[in-house]
Amino acid sequence: MRDPLTVLTEAFTSFLFGKVETTRLPVRTSTGQAQAVYLPTAAPGLGDSGVIIGREVYSGKGYIYDPFQLYGQQLPAPHWLVLGESGNGKSALEKTYVLRQLRFKDRQVVVLDAQGEDGVGEWNLIAQELGITPIRLDPTAALNHGIRLNPLDPAITTTGQLALLRTIIEVAMGHGLDERSGFALKVAHSYVNETIVDRQPVLTDIVEQLRHPEPESAESMNVAIDDVRAWGLDVALVLDRLVDGDLRGMFDGPTTVGIDLDAPLIVFDLSHIDRNSIAMPILMAIVGVWLEHTWIRPDRKKRIFLVEEAWHIINSPFVAQLFQRLLKFGRRLGLSFVAVVHHLSDVVDGAAAKEAAAILKMASTRTIYAQKADEARATGRVLGLPRWAVEIIPTLTPGIAVWDVNGNVQVVKHLITETERPLVFTDRAMTESSSDLAADDALRAAELEAEQRAAAFVEQHVGDSESTVA
């Protein structure tokens with residue numbers, strides 16, 4: 001019931017000044033006509049060239065990404081960092097991204113596969129589907145004519161060989177080589193390369209020369225032969241681990257014949273190596289340098305180097321420095337480095353914080369899956385994410401991630417085709433039965449509901465998209 005005084009006041013005002021409001025009658029129309037009046041608004045995409053990732057949650061548009069297409073115009077560097085806790089879709093994204101990139105004839109991919117089950121890496125199914133044999137580095141198998149990679153392979157330059165030997169030793173020792181030890185190593189390496197010409201030099205030759213240096217080596221620097229032997233003793237002991245220790249068989253012989261470095265996909269299966277041992281960063285250092293000197297060449301191919309468990313690289317100062325050099329090939333030779341890490345705190349608070357910051361700076365694309373609130377805030381501070389993006393990260397469901405492509409921030413739902421599904425979800429492919437279909441449908445319904453919640457959240461906070469975490 002309206003107040004009589006209000007009614008009388010409105011009537012008197014209308015009599016003096018006429019009606020101050022107009023009443024618009026409802027209009028019936030179609031959505032096709034109405035959309036011309038209420039234009040949709042959405043952030044600009046990344047173009048229409050490249051591989052499709054999925055759809056942008058807020059607008060529903062297709063999300064297409066390709067670092068080679070975007071480089072120079074929207075990306076200062078083609079490198080990519082993928083973050084997130086296990087079980088949220090990082091692995092599925094990597095695998096479908098590689099499968100879709102390989103549809104282009106000028107693409108080549110190398111994967112360091114550090115995870116796996118049932119005795120094989122998790123990329124094994126994809127390799128089989130493409131007719132590729134993974135390069136499985138396994139200390140046990142190596143003793144029985146398994147795969148070997150020779151750090152002294154003639155395909156690697158002498159400078160690269162010496163750099164690799166130093167990196168292996170420094171990683172194993174946990175500190176840099178002093179001048180005297182470095183001199184002993186350099187002398188031994190030079191002598192081995194000059195005198196062994198009828199076969200590939202191997203690490204055993206270096207160890208033997210360190211233990212028994214030639215008098216000429218000492219005379220050239222006017223030092224005693226016993227001093228040169230003493231300087232090289234610690235180096236010899238470290239290298240002996242690759243020859244006769246827990247890593248024996250993988251690097252102490254000529255490179256295995258038949259490794260196809262021209263295949264569209266090269267998978268280094270490291271799943272048999274203890275991920276928490278010193279062996280993993282040593283392996284990554286050897287593979288990184290070996291690839292740098294044997295695989296990366298100016299042949300106009302676009303190459304993707306994807307590293308699982310990349311904190312083994314970024315958390316070691318010596319390996320990180322090596323990979324920094326490798327990343328610089330991105331601009332000159334068309335290399336995109338993809339680093340997959342569970343938590344950013346694993347690297348920014350580690351021993352190689354300075355090197356980690358340099359590598360993170362090179363990654364112009366960052367994809368962040370669900371993380372706990374504290375981790376999300378720390379990630380936001382390091383990467384400079386908008387506040388709304390930091391707040392939404394803990395609420396993300398599997399398959400949905402925040403994408404930051406050089407400041408263009410979107411929430412993206414990764415889409416997987418039915419053809420890709422059995423290759424991507426390798427554990428489910430082994431265990432899933434027909435009775436699981438109903439549960440699968442329920443999971444997809446839950447994902448759709450989560451997308452709707454995420455879109456509503458973004459819409460509510462879109463006005464705050466320009467503010468960043470303090």
Side-chain angles (χ1 to χ4, degrees), residues 45-56 61-82 89-113 122-135 259-268 291-292 294-308 326-340 362-367 401 403 405-406 408 410 412-424:
L46 301 175
D48 56 2
S49 296
V51 298
I52 187 164
I53 301 297
R55 67 171 178 266
E56 199 272 304
K61 297 186 303 182
Y63 193 82
I64 296 174
Y65 170 78
D66 191 299
F68 305 111
Q69 295 291 333
L70 298 173
Y71 174 69
Q73 299 178 354
Q74 300 183 53
L75 277 183
H79 309 305
W80 180 14
L81 176 68
V82 183
K90 298 192 308 295
S91 180
L93 173 66
E94 301 154 25
K95 291 174 181 175
T96 56
Y97 175 73
V98 167
L99 286 170
R100 295 168 191 179
Q101 281 282 5
L102 288 176
R103 296 181 68 87
F104 297 98
K105 292 182 179 180
D106 64 341
R107 300 291 195 267
Q108 192 178 30
V109 181
V110 166
V111 176
L112 296 193
D113 183 6
E122 65 172 329
W123 285 78
N124 190 65
L125 269 180
I126 289 179
Q128 287 183 344
E129 183 71 15
L130 298 177
I132 303 297
T133 301
I135 301 172
I259 295 177
D260 184 7
L261 293 180
D262 292 319
L265 174 65
I266 304 170
V267 177
F268 287 92
L291 284 175
E292 177 185 342
T294 60
W295 173 60
I296 300 175
R297 48 193 182 272
D299 55 4
R300 297 188 178 276
K301 279 194 175 182
K302 305 294 188 296
R303 291 184 166 91
I304 299 168
F305 188 14
L306 190 151
V307 181
E308 303 265 14
L326 186 64
L327 264 59
K328 292 177 182 178
F329 283 91
R331 298 181 181 181
R332 185 157 57 90
L333 297 177
L335 173 67
S336 173
F337 176 69
V338 184
V340 184
M362 292 184 186
S364 300
T365 301
R366 289 82 67 91
T367 300
W403 281 67
V405 182
N406 196 32
N408 185 325
Q410 306 279 357
V412 179
K413 166 67 177 178
H414 175 220
L415 297 180
I416 304 171
T417 67
E418 292 304 317
T419 303
E420 295 168 330
R421 189 170 293 274
L423 299 176
V424 169

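Note that the structure is predicted; figures quoted are calculated from it, not measured.
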Side-chain contact, heavy-atom cut-off 4.5 Å: [X] with [Y]?
X    : Y    : answer
D106 : F68  : no
Q74  : N406 : no
E308 : W123 : yes
V267 : N124 : no

**Request:** Determine, step by step, whether Q128 and L125 satisfy the side-chain contact (heavy atoms from CB on, under 4.5 Å) criterion, reporting the C-alpha distance in whole Å, the side-chain angles of both residues, the deciding distance to 0.1 Å, and the verdict.
**Result:** CA-CA 5 Å; Q128 287 183 344; L125 269 180; 3.9 Å; yes
When rounded to the nearest 0.5 angstrom, what is the spacing between [atom1] in [X] and [atom2] in [Y]?
X    : Y    : atom1 : atom2 : value
L75  : W80  : CG    : CH2   : 11.5 Å
H414 : E94  : NE2   : CD    : 10.0 Å
W403 : L93  : CH2   : CG    : 5.0 Å
I53  : Y63  : CD1   : OH    : 8.0 Å
K61  : L46  : NZ    : CG    : 9.0 Å
T367 : Q410 : OG1   : CD    : 12.0 Å

**Request:** State plainly whether the residues K302 and D66 are in salt-bridge range, i.e. N to O under 4.0 Å.
**Result:** no
**Request:** State which residues pass side-chain hydrogen bond (donor to acceptor under 3.5 Å, both in side chains) with R366; sequence neighbours excluded, sorted by chain then number.
**Result:**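 Residues passing side-chain hydrogen bond (donor to acceptor under 3.5 Å, both in side chains) with R366: D404.
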**Request:** Could you tell me whether the side chain of Q108 and the main chain of L261 form a donor-acceptor pair under 3.5 Å?
**Result:**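 Yes; at least one donor-acceptor contact below 3.5 Å.
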**Request:** Using modelled atom types only, decide if a donor and an acceptor are shared between the side chain of K95 and the backbone of E122 within a distance under 3.5 Å.
**Result:**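 Such a contact is found between K95 side chain and E122 backbone.
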**Fill in**
Given the options I132, L99, V111, L102, I126 meets side-chain contact (heavy atoms from CB on, under 4.5 Å) only with L99
**Request:** Take L112 and F305 through the test side-chain contact (heavy atoms from CB on, under 4.5 Å) and record every step on the way to the result.
**Result:** CA-CA 8 Å; L112 296 193; F305 188 14; 3.7 Å; yes
Those residues that, when tested against [X], pass side chain to side chain contact (heavy atoms under 4.5 Å, CB included) (two or more places apart):
X    : answer
P78  : P67, Y71, S336
A77  : H79, S364
E129 : L423

**Request:** State which residues pass salt bridge (Lys or Arg N to Asp or Glu O under 4.0 Å) with D113; sequence neighbours excluded, sorted by chain then number.
**Result:**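 Residues passing salt bridge (Lys or Arg N to Asp or Glu O under 4.0 Å) with D113: none at all.
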**Request:** Enumerate the residue pairs fulfilling salt bridge (Lys or Arg N to Asp or Glu O under 4.0 Å) with a member in residues 45-54, sequence neighbours excluded, ordered by first and then second residue.
**Result:** none
**Asked** Would you call the rings of Y65 and Y97 parallel, tilted or perpendicular, where under 30° means parallel and over 60° means perpendicular?
**Response**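 Geometry flag for Y97 against Y65: tilted rings.
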**Item:** Closest approach of R100 to I416 (non-hydrogen atoms, all atoms of both residues)
**Value:**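 Heavy atoms only, the tightest pair is NH2-CA, 4.0 Å.
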